[in-house]
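See below for the structure under consideration.
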Amino acid sequence: MQEQYSPSEIEAAAQADWDNAEAFKVSETPGQDTYYCLSMFPYPSGKLHMGHVRNYTIGDVIARYQRMQGKNVLQPMGWDAFGMPAENAAMNNKVAPAAWTYSNIDYMRTQLKSLGLAIDWTREIATCKPDYYRWEQWLFTRLFEKGIIYRKNGTVNWDPVDQTVLANEQVIDGKGWRSGAVIEKREIPMYYFAITNYAEELLSSLDELTGWPEQVKTMQRNWIGKSVGMEVQFPYDTASIGHDGTLKVFTTRPDTLMGATYVAVAAEHPLATQAAEGNAELQAFIDECKRGGVAEADIATQEKKGLPTPLYVLHPLTGEKLPVWVANYVLMGYGEGAVMAVPAHDERDFAFASKYRLPIKPVIRTSAGDATPEPWQDAYGEKGELINSEEFDGLDYDSAFTAIGEVLKQKGLGEPRTQFRLRDWGISRQRYWGCPIPIIHCDSCGDVPVPDDQLPVVLPEDVIPDGAGSPLAKMPEFYECTCPKCGAAAKRETDTMDTFVESSWYYARYASPQYDQGMVDPAAANHWLPVDQYIGGIEHAILHLLYARFFHKLMRDEGLVNSNEPFKNLLTQGMVLADTYYRLEANGSKTWFNPADVDIERDGKGKIVAATLRSDGQPVEIGGTEKMSKSKNNGVDPQAMIDQYGADTCRLFMMFASPPDMSLEWSDSGVEGAQRFLRRVWRLSQQHHAKGPAGKADLGSLSDEQKAVRRAIHLAIKQASQDIGQHHKFNTAIAAVMTLMNVLEKAPQDAEQDRALLQEGLETVALVLAPIAPHISHSLWQSLGHSDAIIDARWPQVDESALVQDSLQLVIQVNGKLRGHIEVAADASRELIEATARDNENVLRFTEGLTIRKVIVVPGKLVNIVAN
RNA sequence: GCCCCGAUGGCGGAAUUGGUAGACGCGACGGAUUCAAAAUCCGUUUCUGGUAACAGAGUGGGAGUUCGAUUCUCCCUCGGGGCACCA
C-alpha cells in the first residue's frame with residue numbers, strides 16, 4: 001500500500017480491474033433479484049457539465065449500493081442525440097449535425113468513464129441511429145393505423161423573414177432570435193398523439209406511484225387538469241349574425257350561468273372572422289392578436305384586451321341578448337375557442353368587464369356578501385347559495401349544477417361534460433435533425449404509413465441546415481417516392497418528430513438494445529421493467545415524465561410490455577449552483593467573471609465582503625449564487641476538477657454538499673475538504689496496514705472504551721444504511737462515516753483488541769464509502785486483506801448488541817425550556833425518572849414559588865415540568 | 001398570469017411519528033510542528049450581555065394550535081422550477 005493517497009493511480013487501477021472483469025455487464029440471470037437503476041440520458045451538447053456529474057453520481061451510488069444488497073443491477077447509458085443545438089452548431093461551424101453529435105458523444109463517453117460509473121456500456125444507445133429510431137417509426141405507423149396518431153392543424157411561431165418555424169426558446173420578446181422580425185402565429189398541419197385518450201388513466205395511475213415525490217404527482221395532476229363542468233350552447237341571435245347556430249362554451253361554474261353578461265371568442269373564431277368583414281378596426285385587432293409567440297407564459301401575462309362585435313348570442317335560459325366580444329385571452333386551441341363571462345364570480349372576467357364597462361351581475365351569496373364591489377376579492381369566486389337567479393335561487397352549487405343541467409338538456413342547449421386541461425401532443429417539427437415521420441402523401445390514397453419492410457426512413461447525415469425552412473423539404477432525393485399502396489408518384493413527409501418522442505421509450509430499449517426483430521424483446525423488457533429507480537432533474541417533472549408514462553401505456557397496449565408504469569421510484573435532483581461575479585459596463589450591461597478567476601476577501605468573522613479579479617487586482621461585484629450557466633459564466637468544469645482532485649473527491653463532495661433533491665452550491669474549499677477526508681482515511685489505513693494483519697476481536701472481553709468504539713462503528717452502519725437505502729440522503733450517510741473516522745483516529749491502535757476493532761472500523765468505512773467513492777474503496781479493501789473485489793462484497797450489517805447502552809442522558813425542561821440533563825439507567829422506571837428530575841438543582845431553582853401542574857415524561861428523551 | 005417547491009449560524013447543511021436547534025463539513029480565530037512555508041495536528045466558533053458561572057434572544061415575516069413548533073394550520077414576503085417547439 002502506497003504511503004500517499006494518489007487518486008490518479010488508484011482510479012486508473014480500479015477502472016482497469018473493472019474493465020478486465022467486465023464487472024458491470026449484466027444479463028438476465030434467472031433466480032436473482034433484478035434492480036434497474038436509470039439516470040436520465042444526456043443530450044450530447046459537447047462536454048459534461050456539473051449537472052450531469054451530479055445526476056450520474058447519484059445513480060451510481062444507488063446502483064452500487066443495490067449490488068451490495070445482492071441484486072443483479074442494470075445501469076445503462078445512452079445519448080438523447082437529436083435536437084436543435086446540433087443544428088445551431090452546424091450553422092455556426094459549417095459542420096453537419098451528425099458529425100458534431102458523434103464527436104461530442106465520443107468525448108463525453110470518455111468523460112463519463114473517468115467518473116468510474118458502474119455502467120454496462122455494451123448496452124449503449126444513441127437515438128439518432130437508424131437501428132434505434134427505426135422502431136419509433138414502426139410504432140408510429142401502428143399508432144397511425146389505430147387512430148392514436150392523427151393529423152390536424154396546430155399553431156406555431158412563424159418568422160416571416162427567415163420563412164421558418166421557431167421554437168418558443170427562439171422567440172425573444174415576440175421577435176425572432178436571428179432575424180429580429182416580429183413573430184406571427186401560423187396554422188400548419190401537424191401530426192398529433194391522442195394523449196387525451198389516456199388522460200383518465202394517466203391521472204388515476206399516479207396513485208399507484210408510491211415511490212414518486214408527492215410534488216411531482218401534484219404537478220402532473222394539475223397539468224392533466226380534470227374538471228367536471230357543463231358544455232353550454234348560446235343560440236345565435238339571427239338578427240345580428242344572419243344565420244342559425246349556437247356558440248359552444250365549456251364552464252366549470254354552470255351555477256353562475258344566470259350571471260353571464262357577455263361571451264368572448266378567440267381571434268381565430270369563425271364569429272370573429274365574420275364580424276371583421278368590412279370592419280377595419282376589428283380586423284386590425286385580430287391581426288394584433290396573431291402577432292407574438294405561442295408560449296402560454298407570454299399570452300397569460302399580456303394585457304387583457306378585447307373589442308366588441310355587432311354580433312349577439314342569446315342566453316340559453318333567459319333568452320337575453322348577450323354581446324359577443326373578441327378577446328386576446330381566449331385561445332382557439334383551448335376548449336371551444338369561446339368562453340361565457342361571469343364578471344361577478346371570475347377574476348379575469350371581472351377585470352375585463354370593469355375595463356370595458358360591461359355589466360356585472362352577482363348570482364352567488366359569498367362570504368363577502370351579495371354584491372361584487374371593487375376591488376375584486378377571492379371570496380367572490382366562492383361557491384355558495386344562488387341569488388338573482390329566478391327559479392334557481394336558494395340552491396347550492398351541487399343542486400344548481402343538476403337543476404341548470406336538466407333545463408339545458410331539455411332545451412338541447414347543454415349537458416355535463418368532463419374536460420381535461422391536457423391537450424393532444426403535437427409532434428411535427430419543421431426541422432432536419434430529428435427522426436423522420438414515416439408517412440407518404442399520395443394524391444389518391446392520402447396519408448399512407450411507410451410499410452414495415454421499407455423502414456427505417458433513413459435521415460441523410462451529411463446535411464448542413466441554413467436556418468431558413470426545413471432542409472429535407474428542399475431535398476427531392478429525400479422526399480420523392482412512390483405510394484406504397486397504388487405505386488403512383490408521391491411525396492414523403494419532410495417533418496421530423498419532437499425529440500421528446502425518442503426519450504419517451506429509451507428506458508425500454510436498454511433491455512434489448514441490439515434486438516432487430518422489434519422495438520423491444522418482450523422477454524428482456526419484462527425481465528427488467530419497470531425501472532426500479534429513475535433519477536433526473538426536476539425540470540422534467542411534467543413533460544418528459546408524462547410522455548414516457550404515456551408511451552409505456554402505448555407499448556403495453558401493443559403487447560410489448562406487461563407493466564402499467566415505466567418508473568417505480570423517482571428521484572428528482574436539484575440544480576448545481578455557483579457564485580457569480582460581474583462588473584457593470586458603461587453601457588449598463590454586465591460582464592461576468594468565472595469564480596475560478598476571482599479572489600475573495602473576508603472580514604474577521606469569515607464573512608465574504610469583497611472580491612477582486614485575479615488578472616488585474618481590481619474589484620468585482622458579488623452577484624449571488626445562481627444556476628451554473630454560460631450566460632453567468634459561473635460554470636465549473638468537471639474535467640478540471642477530476643484532473644485535479646480525482647473522481648472520488650468530486651463524487652464525495654457532490655454527495656456530501658446537500659441531499660440529492662435539493663440544489664447544490666459548488667464550493668472549491670468544500671472539494672478540498674472532501675479530498676482532506678479521503679487522505680485521512682488513506683493515512684489511517686496505511687498506518688494500520690503497516691502493522692501487519694489484524695485478528696478478530698473477542699467481543700466478550702471489551703473494555704468500556706472499546707465498547708464505545710464498537711458502538712460508533714455500528715451506529716455509523718445503522719445511520720448510513722437508513723440514509724442510503726431508505727432516504728437517499730447521502731450527505732448524512734457521509735457525515736456518519738466522518739463521525740466514525742473521528743472516533744477511529746482517536747482510538748488506541750496497538751493492543752490486539754484495538755487493532756481488531758480498527759480493522760472492523762476501517763472495513764466499515766470502506767464498505768459504506770464503496771458506492772460513493774468506489775476507487776479508493778476498491779484499493780482499501782485490498783489492503784485490508786480481502787482477495788475478492790469490494791463491488792462484490794455485501795453491505796455491512798448492524799450488530800444491535802453493539803448499540804446497547806447501560807444508561808441514558810435525559811433532557812430536563814421547565815415549561816418547555818431546557819434546564820439541565822440527568823443520567824438514568826436505561827431501564828429506569830417512570831417514577832424514578834420523574835423523582836430524579838424533580839430533585840434536579842435547576843428544576844428546583846426555576847420552579848421556586850411555582851406550583852408544578854404536570855410532569856411529561858417522554859421515554860428515552862426528556863422530562864418536561866409544567867409549572868406556574 | 002397559472003401550477004409546484006424552497007427559506008435554519010459567516011457559508012453548505014443536520015434535527016428519521018411535535019420533544020436538547022445548529023450533527024458533519026467549509027470558513028474564521030488561537031495554538032503546536034517548521035529556519036520558513038506547504039501539509040498535518042490540537043482547541044474555540046449562533047447572536048447579545050457578562051472575566052466567568054450564567055441569563056436572554058433565535059430556524060424569512062406575522063398570527064394560531066400545543067406542556068413543548070425548524071416540524072402542524074392560516075396569511076404574507078422573497079428565491080427557484082415548469083407552462084406544451086430548450087433538453
Side-chain angles (χ1 to χ4, degrees), chain A residues 40 42-43 45 80 83-85 154 156-157 165-171 213-216 218-219 221-223 225 293-302 304 329 348 422-423 425-431 498-500 503 537-544 546-547 572 574-575 577 600 602-609 624 626-627 653 656-659 661-674 676-677 679-680 683 719 722-723 726-727 729 731-732 734-739 742 809-813 815-818 821 853-856 858 861-862 864-867:
Chain A
M40 290 181 186
Y43 177 78
S45 54
D80 188 13
M84 236 176 22
V156 294
N157 303 306
V165 176
L166 295 185
N168 283 339
E169 186 191 51
Q170 299 170 313
V171 179
E214 212 48 56
Q215 160 198 12
V216 173
T218 305
M219 281 193 266
R221 280 190 195 102
N222 292 338
W223 184 261
V294 299
E296 191 191 303
D298 296 333
I299 292 165
T301 48
Q302 73 189 358
K304 309 285 176 287
Y329 67 85
R348 195 177 54 184
L422 181 68
R423 308 198 301 265
W425 175 17
I427 54 133
S428 294
R429 299 290 180 268
Q430 299 67 46
R431 272 188 268 281
D498 180 359
T499 56
F500 271 126
S503 56
I538 183 68
E539 67 272 18
H540 295 293
I542 297 176
L543 292 178
H544 162 62
L546 188 66
Y547 292 147
T572 51
M575 293 176 309
L577 318 176
I600 302 285
R602 293 170 187 274
D603 67 8
K605 286 183 176 173
K607 187 178 181 178
I608 296 170
V609 287
E626 300 206 45
K627 181 179 179 174
F653 166 71
F656 181 60
S658 66
D661 54 350
M662 279 175 37
S663 58
L664 180 150
E665 290 186 27
W666 189 264
S667 147
D668 286 340
S669 45
V671 178
E672 280 162 22
R676 200 173 301 149
F677 173 72
R679 280 201 302 260
R680 277 170 54 198
R683 197 184 324 125
Q719 181 78 39
Q722 284 173 350
D723 290 344
Q726 289 167 37
H727 308 298
K729 292 254 191 184
N731 55 332
T732 47
I734 293 165
V737 186
M738 288 176 167
T739 307
N742 290 341
Q809 200 180 50
L810 298 188
V811 163
I812 305 300
Q813 296 180 334
N815 290 332
K817 271 188 191 294
L818 177 71
H821 297 94
R853 303 286 175 195
K854 206 174 178 184
V855 178
I856 291 157
V858 182
K861 291 245 165 97
L862 59 73
N864 186 19
I865 292 165
V866 185

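Within every chain, numbering begins at 1; the chains are lettered A, B, ... in the order of the sequence lines, protein sequences first and strands thereafter. In what follows, every heavy atom counts, from backbone to side chain, and hydrogens, waters and symmetry copies are set aside.
- Distance from the side chain of A:Leu862 is smallest to B:G19 among B:G19, B:A14, B:C85.
- Comparing B:A15 with B:A23, their C1' atoms are spaced 8 Å from each other, to the whole Å.
- Side chain of A:Leu818, nearest nucleotide from B:A84, B:A14, B:U20: B:U20.
- The ring-ring contact (aromatic ring centres under 6.0 Å, His included) test applied to A:Phe677 returns no partner, not counting sequence neighbours.
- Of the candidate nucleotides B:C4, B:A87, B:C85, B:C85 has the atom lying nearest to any side-chain atom of A:Asn157.
- Of all nucleotides listed (B:G1, B:C85, B:G82), B:G1 comes nearest to the side chain of A:Thr301.
- Looking at A:Gln170, its side chain has no donor and acceptor atom pair within 3.5 Å of the base of B:C86.
- Ring geometry for A:His544 against A:Phe500 counts as parallel: the plane angle stays under 30°, on a 0 to 90° scale with 60° as the upper cut.
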Is there any protein nitrogen or oxygen under 3.5 Å from a nitrogen or oxygen in nucleotides 64-68 of chain B, and what are the pairs?
residue, atom, partner, partner atom, Å
B:C67, O2, A:Asn864, ND2, 2.4

Item to check | Paired and unpaired positions of RNA chain B as dot-bracket, Watson-Crick or G-U wobble under 3.5 Å, | denoting a partner strand | outcome: (((((((..(((......[....)))((((((.......))))))((((....))))..(((((..]....))))))))))))....
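- For A:Ile538, whose side chain is taken as the heavy atoms from C-beta onward, the closest listed nucleotide among B:G1, B:G81, B:G12 is B:G81.
- The side chain of A:His821 lies closest to B:U20 when the candidates are B:A84, B:U20, B:A14.
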What protein N or O atoms touch nucleotides 25-34 of chain B N or O atoms at under 3.5 angstrom, if any, and at what distances?
residue, atom, partner, partner atom, Å
B:G25, OP1, A:Asn742, ND2, 3.4
B:C26, OP1, A:Arg676, NH1, 2.6
B:C26, O2', A:Ser669, OG, 2.8
B:G27, O2', A:Arg602, NE, 3.1
B:G27, O2', A:Arg602, NH1, 2.9
B:A28, O2', A:Gly604, O, 2.6

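- A:Asp661 and A:Thr572 are not linked by any side-chain donor-acceptor pair at a separation below 3.5 angstrom, with hydrogens and angles left out of the test.
- For the C1' atom pair drawn from B:A53 and B:A7, the interatomic distance equals 37 Å after rounding to whole Å.
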For nucleotides 53-57 of chain B, tabulate all protein N/O to nucleotide N/O atom pairs closer than 3.5 Å, reporting atom names and distance.
residue, atom, partner, partner atom, Å
B:A55, OP1, A:Arg845, NH2, 3.3
B:G56, OP2, A:Arg819, NH1, 3.2
B:A57, OP2, A:Lys817, NZ, 3.1

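- Residues forming a ring-ring contact (aromatic ring centres under 6.0 Å, His included) with A:Trp223 (at least two apart in sequence, or on another chain): none.
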